[in-house]
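If you're wondering where the values come from, they're calculated on a predicted model, not measured in any experiment.
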Amino acid sequence: MSATAQPRPASLSRLHREELSSGLIRISCQFQPELLNDEQFAQAGIPLPPSLRTAISKRKAEYLAGRWCAREALQLLGLEGIPQLTQDRSPSWPVGAVGSITHSHGVAEVMVGDANKWLAVGVDTEQWVSTERAARLERELLTEEELKALSGMTPLQRANRLTLIFSAKESLFKALYPLTGKRFYFHDAVRRHPNSLTLLRTLSADWPKGTRIPFRWRERQHSVLSWIALPKHQSTEE
């Protein structure tokens with residue numbers, strides 16, 4: 001049974017819940033903007049932010065789906081509320097939780113951690129980039145070191161590797177921006193090891209250049225899901 005008392009909006013379907021680790025919950029659902037109307041926000045008990053009242057249906061559906069999943073995850077952790085929309089459009093999580101939200105092609109995914117156990121969480125999902133688009137994006141998204149590692153790969157292998165690194169770096173930003181308050185970009189981290197990213201610039205005293213941050217991922221038929229979940233009191237120096 002759903003932890004949420006309100007009926008699920010008609011625009012949302014296929015809710016999936018998963019406990020990835022102690023105090024770390026992933027929840028996803030599908031959303032259909034064509035089935036959305038503004039009344040569903042009130043029915044779901046999720047306020048529609050003033051900044052989204054004139055937004056297109058897709059953006060509203062993304063927001064509703066993400067907050068619905070977030071509330072489900074928070075309740076499974078024994079917490080109440082939904083993340084608020086901040087000025088920079090990032091989610092502000094209720095006290096006691098850290099989390100991240102991602103949307104792609106009609107699917108919303110949320111990862112929420114108990115703040116007593118987890119320092120930060122970042123999650124991202126990306127559709128596999130086409131070979132043609134990957135060729136255009138390689139130098140924008142990848143460091144010289146990462147480009148050299150593509151040598152000898154087929155165009156499809158290069159595109160898939162680029163998609164994975166792209167997603168992992170998006171997850172890295174979502175995890176570290178709330179901790180550092182500092183924006184950084186694709187060339188500020190490198191995939192030097194298969195299961196981690198290494199910072200190429202210092203973001204704060206706690207996150208200096210050379211810090212190695214583990215990430216995980218799942219490959220799917222049409223997309224890749226990546227995430228970074230940083231437990232408290234861990235060593236990340238290379």
Which atom of V121 lies closest to which atom of S100, heavy atoms considered: O-CB, 3.5 Å
Side-chain heavy atoms of L85 within contact of S51, under 4.5 Å: yes
Student check: side-chain heavy atoms of S223 and T125 closer than 4.5 Å: yes
Validation row: T202, W207 side chains within 4.5 angstrom (heavy atoms): no
Sequence neighbours excluded - salt bridge (charged side-chain N to carboxylate O under 4.0 Å, His left out) pairs with any residue from residues 19-46: E18-R26, R26-E109, D38-K60
C29 versus C69, closest heavy-atom pair with distance: SG-SG, 3.4 Å
D206 side chain to S204 side chain, donor-acceptor N/O pair below 3.5 angstrom: no
Heavy-atom side-chain contact between I228 and I213 under 4.5 Å: yes
K174 side-chain N/O to I101 backbone N/O, donor-acceptor pair under 3.5 Å: yes
Criterion side chain to side chain contact (heavy atoms under 4.5 Å, CB included) on I27 and I25, from CA distance to verdict: CA-CA 7 Å; I27 292 191; I25 305 293; 3.8 Å; yes
Pair W118-L230, side chain to side chain contact (heavy atoms under 4.5 Å, CB included): steps then yes or no: CA-CA 6 Å; W118 300 94; L230 300 174; 5.8 Å; no
Aromatic plane relationship, F31 with H103 - under 30° parallel, 30 to 60° tilted, over 60° perpendicular: perpendicular
Candidate pair D188 and L199, rule side chain to side chain contact (heavy atoms under 4.5 Å, CB included), full reasoning: CA-CA 6 Å; D188 292 328; L199 292 180; over 6 Å; no
Salt-bridge contact E144-R139 (side-chain N to carboxylate O under 4.0 Å): yes
Under 3.5 Å side-chain donor-acceptor pair for S196 and R212: yes
Whether over 12 other heavy atoms sit under 6.0 Å from R201 CZ: yes
Nearest heavy atoms of A65 and L12, plus distance in Å: CB-CD2, 3.6 Å
Joint hydrophobic cluster, V112 plus Y63, side-chain heavy atoms closer than 4.5 Å: yes
R67 (side chain) donor-acceptor with P83 (main chain) under 3.5 angstrom: yes
Test item: side-chain donor near acceptor, S226 and S167, under 3.5 Å: yes
Test side chain to side chain contact (heavy atoms under 4.5 Å, CB included) applied to L179 and L119, step by step: CA-CA 9 Å; L179 296 177; L119 181 65; 4.0 Å; yes
Any side-chain heavy-atom pair of W128 and E219 under 4.5 Å: yes
Ring centroid separation F184 to Y177 under 6.0 Å: no
L64 versus A44, closest heavy-atom pair with distance: CD1-CB, 4.3 Å
Closest contact, heavy atoms only, T163 versus Q127: CG2-O, 3.5 Å
Heavy-atom side-chain proximity of H222 to H105 below 4.5 angstrom: no
Between S11 and Q40: side-chain donor-acceptor atoms closer than 3.5 Å: yes
Contact check, side chains of R17 and L76, non-hydrogen atoms, under 4.5 Å: yes
Check: L176 main-chain N/O paired with T180 side-chain donor or acceptor under 3.5 Å: yes
Over all atoms of both residues, closest heavy-atom pair of R14 and R8: N-NH2, 4.3 Å
Side-chain donor-acceptor contact under 3.5 Å, S22 with K117: yes
Test item: R191 and P194 side chains (from C-beta on) under 4.5 Å apart, heavy atoms: yes
Shared hydrophobic cluster for I165 and M153 (ILVMFWY, side-chain gaps under 4.5 Å): yes
